[in-house]
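Each residue takes its place number in the sequence, starting with 1. Values reported hereafter were calculated over all heavy atoms of this structure, with side chains retained and with hydrogens, waters and symmetry mates removed.
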Amino acid sequence: MRPDPHLKWTVLGLVLAQLLACWLVRGLAWRWLLFWAYTFGGCVNHSLTLAIHDISHNTAFGNAHAAHNRWFAIFANLPVGLPYAASFKKYHVDHHRYLGGDGLDVDVPTRLEGWLFCTPARKLLWLVLQPFLYSLRPLYVNPKALTRMEVFNALVQLAADAAIFALWGLKPVAYLLASSLLGLGLHPISGHFVAEHYMFLKGHETYSYYGPLNWITFNVGYHVEHHDFPSIPGCNLPLVRKIAPEYYDHLPQHHSWVKVLWDFVFEDSLGPYARVKRVCKLAEGGL
């Protein structure tokens, strides 16, 4: 449980890569812009959202420098195009403390989602709309007061978008936004959204994935390990499994995030309803 010494440099590299991509796409045709937004930008921006996830656990600079982690998450947010980091931190604490908690864990789909997206075509649409549903769900399920950090996050993001627009025009801004919406929607990496907590086997609500996509997602696939030890950075989660294989190797696990998406769409037993939902008692002080 110590900071990841490489995280800040990896994030810096990803942010600079997207900045370079903004310069490169400024003269591209729209069809090619969207192609590169899906195949390259979608991977980078999705990876950055997972870096923000890791940073939300203070893994960039450690618990002793919590504020540094908050500022750095806002920096990692810049290529995403929309303010995300501060709000994610505010709600992600509840996901760990009240996993599946009714009205507390905003990762759990609403009853309306479960009722509406219940056929293969509708579930496919649900996957496409995942960025919008994931962003708007907290406002309905568990609305919280706006924080100063969220305002700061929004102002910094707006300034960055405006600067890119002033320098290189509309296409680079559109590229960043398309990278986020496509990369967080129907995309192979997005299989982790479904793989982590949807009940593929009765009695199991959290699953790990140990495949190669962990290399570009900060080991978010080691999800059982992560929920056991949220303060351990993603780079060290494989060590948890190596040290204590008797606790993890026998558990059900996913071998392909693409197959997860396929099964989610075409298996009748799977859908937004396939989540464990529980009534949780608020911790003392309502935290």
Side-chain angles (χ1 to χ4, degrees), residues 7-56 60-61 66-92 106 128-139 143-185 187 189-190 216 218:
L7 181 57
K8 54 179 124 4
W9 305 113
T10 304
V11 168
L12 176 62
L14 291 172
V15 171
L16 291 177
Q18 281 295 69
L19 191 63
L20 175 61
C22 284
W23 181 76
L24 291 172
V25 304
R26 69 196 190 285
L28 278 185
W30 285 103
R31 65 181 181 276
W32 285 110
L33 184 148
L34 292 173
F35 171 80
W36 288 112
Y38 186 84
T39 57
F40 176 75
C43 296
V44 176
N45 277 13
H46 201 135
S47 184
L48 281 168
T49 65
L50 294 171
I52 291 169
H53 164 258
D54 227 26
I55 297 165
S56 75
F61 299 98
H68 294 176
N69 290 283
R70 302 291 84 74
W71 304 122
F72 189 60
I74 290 174
F75 172 75
N77 194 153
L78 294 178
V80 177
L82 295 168
Y84 164 81
S87 298
F88 178 82
K89 166 67 177 176
K90 182 171 71 173
Y91 283 101
H92 191 62
V106 298
V128 172
L129 296 176
Q130 188 69 206
F132 301 99
L133 297 170
Y134 198 83
S135 301
L136 297 175
R137 194 184 297 136
L139 304 178
K144 296 185 178 185
L146 194 67
T147 66
R148 283 183 291 182
M149 187 60 79
E150 285 177 293
V151 173
F152 180 75
N153 190 178
L155 292 174
V156 169
Q157 190 63 56
L158 183 62
D161 292 347
I164 291 171
F165 177 77
L167 285 170
W168 299 318
L170 176 63
K171 283 188 175 179
V173 178
Y175 163 78
L176 292 179
L177 293 173
S179 295
S180 297
L181 297 177
L182 296 174
L184 294 165
H187 193 280
I189 298 177
S190 293
I216 58 172
F218 299 92

Name all residues meeting the side-chain contact (heavy atoms from CB on, under 4.5 Å) criterion together with Ala178; count only those two or more places apart in sequence or in a different chain, and write none if there are none.
Leu34, Ala37, Leu182

Could you state the interatomic distance from OG (Ser56) to CZ (Phe88), rounded to the nearest 0.5 Å?
5.0 Å

Donor-acceptor pair, side chain of Lys89 and main chain of Ile55, under 3.5 angstrom
no

Do any side-chain atoms of residues 10-17 form donor-acceptor pairs under 3.5 angstrom with protein atoms, and if so which ones, sequence neighbours left out?
unit_1: Thr10; atom_1: OG1; unit_2: His6; atom_2: O; d: 3.0

State which residues pass salt bridge (Lys or Arg N to Asp or Glu O under 4.0 Å) with Arg137; sequence neighbours excluded, sorted by chain then number.
Glu113

Of all heavy-atom pairs linking Ala85 and Asn77, the shortest is N-OD1, 2.8 Å

Rounding to 0.5 Å, atoms CG (Leu167) and CH2 (Trp23) come to a distance of 13.0 Å

Sorted by chain and residue number, the side-chain contact (heavy atoms from CB on, under 4.5 Å) partners of Val128 (sequence neighbours excluded) come out as Leu186

Residue pair Pro83 / Ala154: nearest heavy atoms and the distance that separates them
CB-CA, 3.7 Å

Interatomic spacing from CZ in Arg70 to OG1 in Thr147 - rounded to 0.5 Å
11.0 Å

Under the ring-ring contact (aromatic ring centres under 6.0 Å, His included) test, which residues partner Tyr91, sequence neighbours left out?
none

In chain order, what residues pass the ring-ring contact (aromatic ring centres under 6.0 Å, His included) check against Phe61, with sequence neighbours excluded?
His68, Phe72

Residue pairs meeting side-chain hydrogen bond (donor to acceptor under 3.5 Å, both in side chains), one or both in residues 25-34, sequence neighbours left out, come to none

Could you list the donor-acceptor pairs under 3.5 angstrom formed by side chains in residues 42-54, with sequence neighbours left out?
unit_1: Asn45; atom_1: OD1; unit_2: Gln18; atom_2: NE2; d: 2.9
unit_1: Asn45; atom_1: ND2; unit_2: Pro79; atom_2: O; d: 3.0
unit_1: Asn45; atom_1: ND2; unit_2: Leu176; atom_2: O; d: 3.3
unit_1: Asn45; atom_1: ND2; unit_2: Ser180; atom_2: OG; d: 2.9
unit_1: His46; atom_1: ND1; unit_2: Gly183; atom_2: O; d: 2.7
unit_1: His46; atom_1: NE2; unit_2: His192; atom_2: NE2; d: 2.8
unit_1: Ser47; atom_1: OG; unit_2: Ile216; atom_2: O; d: 2.8
unit_1: Thr49; atom_1: OG1; unit_2: His46; atom_2: O; d: 2.6
unit_1: His53; atom_1: NE2; unit_2: His92; atom_2: NE2; d: 3.2
unit_1: His53; atom_1: NE2; unit_2: His226; atom_2: NE2; d: 3.1
unit_1: Asp54; atom_1: OD1; unit_2: Gly234; atom_2: N; d: 3.4
unit_1: Asp54; atom_1: OD2; unit_2: Gly234; atom_2: N; d: 3.2

Residues in ring-ring contact (aromatic ring centres under 6.0 Å, His included) contact with Phe152, at least two apart in sequence or another chain
Trp71

Interatomic spacing from CG in Leu155 to CD1 in Ile74 - rounded to 0.5 Å
10.0 Å

Taking the side chain as every heavy atom from C-beta outward, state whether Trp168 and Val25 have any pair of such atoms under 4.5 Å apart.
no

Those residues that, when tested against Thr39, pass side-chain contact (heavy atoms from CB on, under 4.5 Å) (two or more places apart):
Phe35, Trp36

Looking at Pro172 and Cys22, what are the two nearest heavy atoms and their distance?
CG-O, 3.3 Å

Filter on salt bridge (charged side-chain N to carboxylate O under 4.0 Å, His left out), then keep only pairs touching residues 157-171, sequence neighbours left out; what's left?
none

d(Ile164 CD1, Leu78 CG) to nearest 0.5 Å is 8.0 Å

Under the ring-ring contact (aromatic ring centres under 6.0 Å, His included) rule, collect the residues that match up with Tyr175, sequence neighbours excluded.
none

